[in-house]
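Worksheet for the structure shown next.
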Amino acid sequence: MCGIMGYLGPEEVSGVVIGGLECLEYRGYDSAGIAVSDGRKIAISKCVGSVANLKAQMAEHPLSGRLGIGHTRWATHGGVTRENAHPHADPQGRVVLIHNGIIENFYELREELKGQGVHFSSETDTEVAVCLMATLYDGDPLAAIRKACARLRGAFAFVILFADVPDHFYCVRKGPPLVLAAPSDEAFCASDVTALLPYTNRILFMEDEEIAELSAGSIALYDFDGAPKDVRLSTVEWDASMTSKGIYPHFMLKEIEEQGSVLRRTLAGRVDGGVDLSAEFPFSDGDARRYRRVHLVACGTSYYASMVAGRLMDQFTGLDVRVETSSEYRYGHMICDAETVAVFISQSGETADTLAAARRARAGGARCLAVTNVVNSSLAREVGAVLELRAGPEIGVAATKTFMGQLAALSLLALWIGKRRGRLDRSDELRLTEELVRLPLKIESLVLQGNAIRDVAEHYMKVAGFLFIGRGLSCAIGMEGALKLKEISYIHAEAHAAGEMKHGPIAMLDVNLPVVAVVPRDLFYEKTLSNLQEARARNAPIVAIATEGDGEISRFASDCIFVPATEDELTPFLTIVPLQLFAYHLASLMGREIDRPRNLAKSVTVE
Ligand code: AGP
């Protein structure tokens, strides 16, 4: 949450920093701001709303310099106001800072500083941090930062300017991510690597409890005690073209349409006459038999992918399977020991709840694996073993193509664990892996139905809510479909196991509450049809996601969207695509900010 960008170098800083903020705006868009040093003093420009507003403000009142920092905010402490927007400065303007995270003891520090005569002009925890640093500053920036960090509790990524040190800037990480680079005579920092790709792919991923001092072409790294550390640069395989919208009106649509190729990439080298994940997640025969439990732990969309995987794990591994949201897992009491395989699923690899959950599992001695799209993420480094999604950077706040990558990676994992434990029949392994490699073409054929799905969405523009239902794997897909719709259209949508409808949700049904049913031709088909009868008897309009060739479903549904036939265990790969497109088109028809839905941020780095 919150986008951070810093630059020092020969270019005019405002262009570089604002370009970076535009790239990072999916991390927060409540307000935006920039601070620029002209070599003597630091000037600040900030405003409520998007980076576009800041850009317009800067066009009228430009700030010029070669060192600067910028921020897009996702509000935590204090409302969405100009005063609360970052950067923040101490009252004398000696220190200026931007922040991502939460300072838990800000109130007591604020009272202490007030007692020393410090005047605050915002409601933020961030202003407390900058004023604390300013009171501790006596000409040695690193010492002031270290002393301040020792007093702060919580999670923070800071980028700090000192007015009397115009050739350096400083970064601190304790929790939220920060990446650095210092190609030739420049230096950069950002909260996400995508903002740096136009300049370099040689990146330093800061570790927790590190302080960096950046100057032109150079990075010095220290721990919180001031001891120097090695500067570890990694080469990132992504490039800047992957972060452009191209011909698409929204990243979300581009990312939905990319899903066939994402699936090909996720499967590449892992499926060949069966499944083989030995390079990423090796097991000895002894280990494979010793495990008793598998935990799948994630948030949001990643959690729904885990629900799908949990069912496949039940079917193929013979392990005791538990699927849990990270925020609950962290504080739960389930056994998590050396006989447990704990899998943490996170697109970004930066979700604070999932990181905390992984620490719990590691402390219990579980065998841990991260399933993530970002191989250098905090989660990947925390856990060690990584199964990469290979989806490429996902910019739309509503996750789509990474969900596809997660379905693929987790399905392979279920098959792989089952195989190593001797629980997966060879015929099932071949049946499913052969169909997996056929799925990309089927997904690509589905994407071509975009206009027809838009026509269906048009019928529902005025409704106040939806009920999504499905059974088995389709229950999880209903939940993910409802989440997509909520996130980008703001229409109320709730999802239930179809069999649960009669235990309560059916009370809501009438002509004004459409039911979206995920009803492929699988084991549950007839049972779900019965539930649709019940919905129809209450006059609820029905949108059905069904299998091509299903002649019966149109007797029940007001609108049908068909997906190609596939193996029962793999229906989620296809049924999710029309639901993503349905949410996309409905939101688009309603004129919503699709890639930047209100109140959300792509990477949730606070608990
Ligand atoms: C998905 O559309 C959401 N933006 C959100 O639910 C997301 O899946 C969740 O915050 C988890 O993120 P992660 O996969 O990066 O951990």
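Read the numbers this way: they start at 1 and go in the same order the structure lists the ligands and their atoms.
Distances between N or O atoms of Thr301 and those of ligand 1 include at least one value under 3.5 Å. At a 3.5 angstrom cut-off on N or O pairs, Ser348 counts as close to ligand 1. In terms of N/O distances under 3.5 Å, ligand 1 is approached by Val397.
The existence of a salt bridge linking Glu458 and Arg454 is excluded, since no basic side-chain nitrogen approaches an acidic carboxylate oxygen closer than 4.0 Å. A salt bridge between Asp208 and Arg173 is present, with a side-chain N of the basic residue lying under 4.0 Å from a carboxylate O of the acidic one. Between Glu207 and Arg381 there is a salt bridge, since at least one side-chain N of the basic residue sits less than 4.0 Å from a carboxylate O of the acidic one. Salt-bridge annotation for Arg390 and Glu237: absent, with no side-chain N of the basic residue lying under 4.0 Å from a carboxylate O of the acidic one.
Using cut-offs of 30° and 60° for the angle between ring planes, the Tyr329 and His295 rings count as perpendicular. Classified by interplanar angle (parallel below 30°, tilted 30° to 60°, perpendicular above 60°), the ring pair Phe281/Phe283 is perpendicular.
Distance from atom 11 (C) of ligand 1 to its nearest protein heavy atom, with residue and atom name: Cys299 O, 3.4 Å. Protein heavy atom closest to atom 12 (O) of ligand 1, with residue, atom name and distance, is Thr351 OG1, 3.5 Å. For atom 6 (O) of ligand 1, the closest non-hydrogen atom on the protein side is Gly300 CA, 3.2 Å. Nearest protein neighbour of atom 10 (O) of ligand 1, counting heavy atoms only, is Val604 CG2, 3.9 Å. Nearest to atom 3 (C) of ligand 1 among the protein's heavy atoms is Glu487 OE2, 2.9 Å.
Of the possible donor and acceptor atoms, one in the side chain of Lys401 sits under 3.5 Å from a partner among the backbone N and O of Pro393.
Using a 4.0 Å cut-off to heavy atoms of Ser346, the atoms of ligand 1 that qualify are 13 (P), 14 (O), 15 (O), 16 (O). Close approach of ligand 1 to Lys484 is summarised as follows: ligand atoms under 4.0 Å from at least one heavy atom of the residue are 1 (C), 2 (O). Interface of Ala399 with ligand 1, defined as ligand atoms under 4.0 Å from a residue heavy atom, comprises 1 (C), 2 (O). The atoms of ligand 1 that sit less than 4.0 Å from any heavy atom of Ala398 are 2 (O).
Counting heavy atoms under 4.0 Å from ligand 1, residue Glu350 does not touch it at all.
When only modelled atom types and interatomic distance are considered, Tyr248 and Glu257 share a side-chain donor-acceptor pair under 3.5 Å.
Residue contact annotation: Leu600 has no non-hydrogen atom under 4.0 Å from ligand 1.
Of all non-hydrogen atoms in Thr124 and Phe106, the two that sit nearest each other are O-CD1, 4.3 Å.
The environment of CD1 in Ile335 is sparse: at most 12 heavy-atom neighbours from other residues, nucleotides or ligands sit within 6.0 Å.
Evaluated by nearest non-hydrogen atom to atom 14 (O) of ligand 1, the leading choice among Pro597, Ala583, Ser302 is Ser302.
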